[in-house]
Structure formats: C-alpha cells, structure tokens
Chemist: 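Here you go, one structure.
Only a predicted model underlies this, so the values are computations on that prediction, with no experimental measurement involved. Just follow the structure's listing: the first ligand is 1, and inside any ligand the first atom is 1. Hydrogens, waters and symmetry mates are skipped; everything else that's a heavy atom, side chains included, is used. Starting from 1, each residue takes its place in the sequence as its number.
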Amino acid sequence: MPFTLPELPYPENALEPSIDAKTMNIHRTKHHQAYVDNLNKALDGQAAYATWTLDQICEQLGSIPETIRGAIRNNGGGHWNHSMFWLLMAPKGQGGAPSAELSAAIDSAFGSMDAFKKSLAEAGMKRFGSGWAWLIVKNGGALAITSTPNQDNPLMKGFVDVVGTPILGIDVWEHAYYLNYQNRRADYLGAWWDVVNWNEVNRRFAAAKQ
Ligand code: MN
C-alpha cells in the first residue's frame with residue numbers, strides 16, 4: 001500500500017510564534033509530501049518491499065538493492081523523520097513535561113536538562129548544510145545525542161555514525177525555519193523548546209527502554 005502524508009494533530013498556526021503557519025504548511029504539504037511521493041515512486045513495482053513498514057525500510061536499508069537504495073534512503077528517511085517531527089511538537093503549554101524517568105536519564109547522561117538542551121542545540125548548529133539533531137536510546141538503554149546529514153536517521157544501521165532509537169529530533173534543514181528566522185538557526189533551535197511535546201518524548205522513551 002502506498003505511503004501517505006499524515007495529518008497534523010494540531011492546526012498549522014498552533015505552534016506560533018516558534019514556528020509560523022506558512023512554514024508549517026509548506027514544510028508538510030510540499031516538502032514532506034514530496035518525500036512520500038518519491039518514496040512511493042521508488043518502491044513502485046518492487047513487490048519484495050510491498051509489505052515493509054517505514055521502520056523496516058530505515059532499519060534494513062542495507063538489504064535494499066543499490067539501484068533503488070539512494071532514493072529510498074533519502075525519501076524513506078524524509079518520510080520517517082517528518083512523520084515523527086510533527087508528533088514531537090504541540091502548542092505551547094500543551095506538551096507536558098519530561099517524565100521522572102526521562103529526567104533522571106537526561107541528568108545521568110548529560111548532567112542536567114539545561115546541559116542536554118545546550119548539547120542538542122550544538123549538534124544542530126554544527127550540522128553543516130542540511131540534516132537533523134537527535135536524542136536517541138542506544139542498544140543497552142543509554143541516552144545519546146547525535147546528528148545525521150540529509151534525511152538519514154539513527155535507525156539506518158550501516159549508514160550512520162551512531163545507531164539507536166530516536167525519541168526526540170529536530171529538523172535543521174533551512175526549509176524548517178528560513179521564512180521566519182532566515183539564517184538564524186540558533187534562534188529557531190532556542191524557540192523550538194517552547195513547542196516540544198514531552199508527552200510524546202516520554203512515550204517513545206518508555207517504548208525504547210522495553
Ligand atoms: Mn524538513
């Protein structure tokens with residue numbers, strides 16, 4: 001079954017002023033839609049992958065033939081990453097707070113919540129060109145911060161430096177912020193914390209730990 005663009009769980013203007021409605025609209029209905037369409041195009045006629053989930057596509061990228069792997073890596077990654085990204089955000093004041101378990105794990109891994117936020121922002125700032133900064137749960141359960149180029153993600157074993165299950169991620173492609181912030185990526189990264197959906201991060205953390 002072809003992949004489809006997910007609906008937003010909030011209105012396009014619900015994340016203002018951190019993220020403006022026009023950016024949300026173009027980001028999802030143009031950029032994300034293009035990843036979905038191009039993923040479906042790359043998989044068209046590939047019966048072997050007809051039942052694969054999006055997780056499988058990312059995790060087992062290495063077993064996909066090289067002739068179609070590039071397109072699937074870019075567009076499957078793009079679809080996975082953005083599908084998660086929309087859910088990781090909520091209107092200001094509605095995203096809850098880090099759970100006691102997640103807070104303890106963040107303190108243990110990074111020293112404090114502030115130090116964690118600073119490290120994740122640094123990972124996003126240091127990403128040259130386009131990509132993502134992530135908080136992941138590694139095999140064994142430890143938290144780590146990592147960054148990937150383009151539309152790669154930490155599920156793509158064999159293709160990324162650090163493998164793990166993403167529980168939080170921020171898009172640092174210019175298309176995610178340029179209309180409102182122009183070149184000021186640091187301002188976007190700072191304002192983004194206001195709209196993080198900690199309830200979703202907590203849920204993903206608990207699931208990854210199981
Ligand atoms: Mn994006």
Chemist: Kindly write out the residues that satisfy side-chain hydrogen bond (donor to acceptor under 3.5 Å, both in side chains) with Ser83, not counting sequence neighbours, or none if the list is empty.
Modeler: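 Testing Ser83 for side-chain hydrogen bond (donor to acceptor under 3.5 Å, both in side chains), a comparison that skips the adjacent residues, returns His79.
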
Chemist: So, using side-chain hydrogen bond (donor to acceptor under 3.5 Å, both in side chains) as the criterion, who are the partners of Asp171 when residues are at least two apart?
Modeler: His27, His82, His175

Chemist: Could you tell me if Asn25 and Glu12 have a donor-acceptor pair between their side chains, going purely by distance under 3.5 Å?
Modeler: yes

Chemist: Looking at Arg204 and Glu200, does any basic side-chain N land under 4.0 Å from a carboxylate oxygen?
Modeler: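 Salt bridge flag = yes for Glu200 with Arg204.
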
Chemist: Would you mind counting protein N, O or S atoms that sit less than 2.8 Å from the Mn ion (ligand 1)?
Modeler: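 Counting protein N, O and S atoms closer than 2.8 Å to the Mn ion (ligand 1) gives 4.
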
Chemist: Residues in salt bridge (Lys or Arg N to Asp or Glu O under 4.0 Å) with Arg69, at least two apart?
Modeler: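 With neighbours one apart ignored, the set is empty.
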
Chemist: Any side-chain donor paired with an acceptor under 3.5 Å for His32 and Trp86?
Modeler: yes

